Every structure is written in C-alpha cells, then in structure tokens.
Amino acid sequence: MNHYLVRVSAAILRPRDEVLALRQLDRGLERIALPGGTADLNESLEEALVREVREETGCEVLPSDIACVAEGYNDRWSQPTLDVCFYARMQGRVQAPERLGEYIVGIEWMALDDPSLLTFVPHVAGFKCSRRGRYVDETGAFRRKKAAWNLNGPS
C-alpha cells in the first residue's frame, strides 16, 4: 500500500505564458520547482499553499481552481508524493522571502515552454495562459527589478 506525502504548489501565471518558479539547491544540485510544500497539522491545503508561497517568495496569494494533480516521488524522504497544484493570484504587497538563501537560490518568471522548467515540472506545459485565460501579476510587483531578492526574470 502506498502512503503518499501530499504537497501543494502554486501556478502563479502572467499573460506572457510565464510562471513564477524557484531555483533550489537540493543536496548540492540545482533544481526548479513551483512554490509550495506540505501542510502543517490541522492546516487545509489552501492554507498551506498561502503560507508556503509567502515563506518562499514573499508573495501573498489567493488560491483558486486546482490546476492539476501529479504523482511523483520525493528522494529526500524516499516517499511517493501527490502534488495538488492550484492556480493562485498574487495580491497585496511583496515582501522579502523568509527562505531565500536557506535552500532557495532564486525566484524568477519562466516561460512555460522553457526546457529547464519542463525537465523538473513537466505538468506546467498544460498551463498556457492564452488557452486558459488566466494570469496573475495584477499588482505589477514583479515587472522590474526592485531589490536584490526580487525576480530577475524577463519583464
């Protein structure tokens, strides 16, 4: 019987078919992931998503529909995972992320068809904004560099 580690992640999109992604160091190797993590005790999936995104990116988000559910495997805990990815919309002000530098080495907008993103998060290929009519960056918070910890992706 499989016991899954349930994780949440956020598909935070903007109109140019870009998604907010993290560059992380995992046992000395760089990988790319969507912001997210696991729920704490007595925390709903939506509450976990809001908390994890805030800690990892400094963004406040409002989760909406489920974008996808993906099965995977977590090498760190040697456990199968079930990732529930929500579309999320940024709201409010952006602050310095709590976990930047801990294991997150960068935060950036990446094209949904970027080969390096698709290597680590293949399900993002189905998030095309032009098909779904979804985008997020209504606040304009990440359109240009504002601070060293801020995004340095395309603007």
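Note that the structure is a prediction, hence the values are computed from the model and not measured. Worth knowing before you read on, the calculation uses all heavy atoms, side chains too, and leaves out hydrogens, waters and symmetry mates.
In this structure, the side chains of I107 and I104 come closer than 4.5 Å at one or more pairs of heavy atoms. Contact of the L5 side chain with the P80 side chain is not registered, since no non-hydrogen atoms from C-beta on lie closer than 4.5 Å. Between V61 and F86, the closest side-chain pair of non-hydrogen atoms is not below 4.5 Å. Inter-residue side-chain proximity for L13 and Y87 is flagged as met; some heavy-atom pair is nearer than 4.5 Å. Inter-residue side-chain proximity for W109 and R16 is flagged as unmet; no heavy-atom pair is nearer than 4.5 Å. With a 4.5 Å cut-off on side-chain heavy atoms, E60 and R54 count as touching. The closest side-chain heavy-atom distance from I32 to M110 is below 4.5 Å.
Clustering of Ile, Leu, Val, Met, Phe, Trp and Tyr side chains at separations under 4.5 Å places L25 together with V105.
Contact detail for A10 and C85: the closest heavy-atom pair is C-SG, 4.3 Å. Nearest heavy-atom pair across A33 and Q24 is CB-OE1, 3.7 Å. What you find for A111 and L117 is that their closest heavy atoms are O-CD2, 3.5 Å.
Of the residues L22, V124, I12, the one that meets the side-chain contact (heavy atoms from CB on, under 4.5 Å) test with L34 is V124.
Each of L62 and I66 belongs to its own hydrophobic cluster when Ile, Leu, Val, Met, Phe, Trp and Tyr are linked at side-chain heavy-atom distances under 4.5 angstrom.
Contacts of D40 classified as side-chain hydrogen bond (donor to acceptor under 3.5 Å, both in side chains), with partners at least two apart in sequence or in another chain: R51. Here E30 pairs with R23 under the salt bridge (charged side-chain N to carboxylate O under 4.0 Å, His left out) rule; sequence neighbours left out. Evaluation of the salt bridge (charged side-chain N to carboxylate O under 4.0 Å, His left out) rule for D26 yields R76 as partners, not counting sequence neighbours. Considering only residues two or more places apart in sequence or on other chains, E46 meets the side-chain hydrogen bond (donor to acceptor under 3.5 Å, both in side chains) condition with none of them.
At least one donor-acceptor pair under 3.5 Å links the side chain of T57 to the backbone N or O of C59. E47 places a side-chain N or O within donor-acceptor distance of the main-chain N or O of S44, the cut-off being under 3.5 Å.
A distance of 7.5 Å separates CD of E71 from OG1 of T81, quoted to the nearest 0.5 Å. With rounding to the nearest 0.5 angstrom, the CD atom of E56 is 10.0 Å from the CG atom of L20.
The side-chain hydrogen bond (donor to acceptor under 3.5 Å, both in side chains) contacts involving residues 115-126 comprise D114-S116, where partners must be two or more places apart or lie in separate chains.
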Would you check, one step at a time, whether the test side chain to side chain contact (heavy atoms under 4.5 Å, CB included) holds for V6 with D83? CA-CA 6 Å; V6 178; D83 185 23; over 6 Å; no
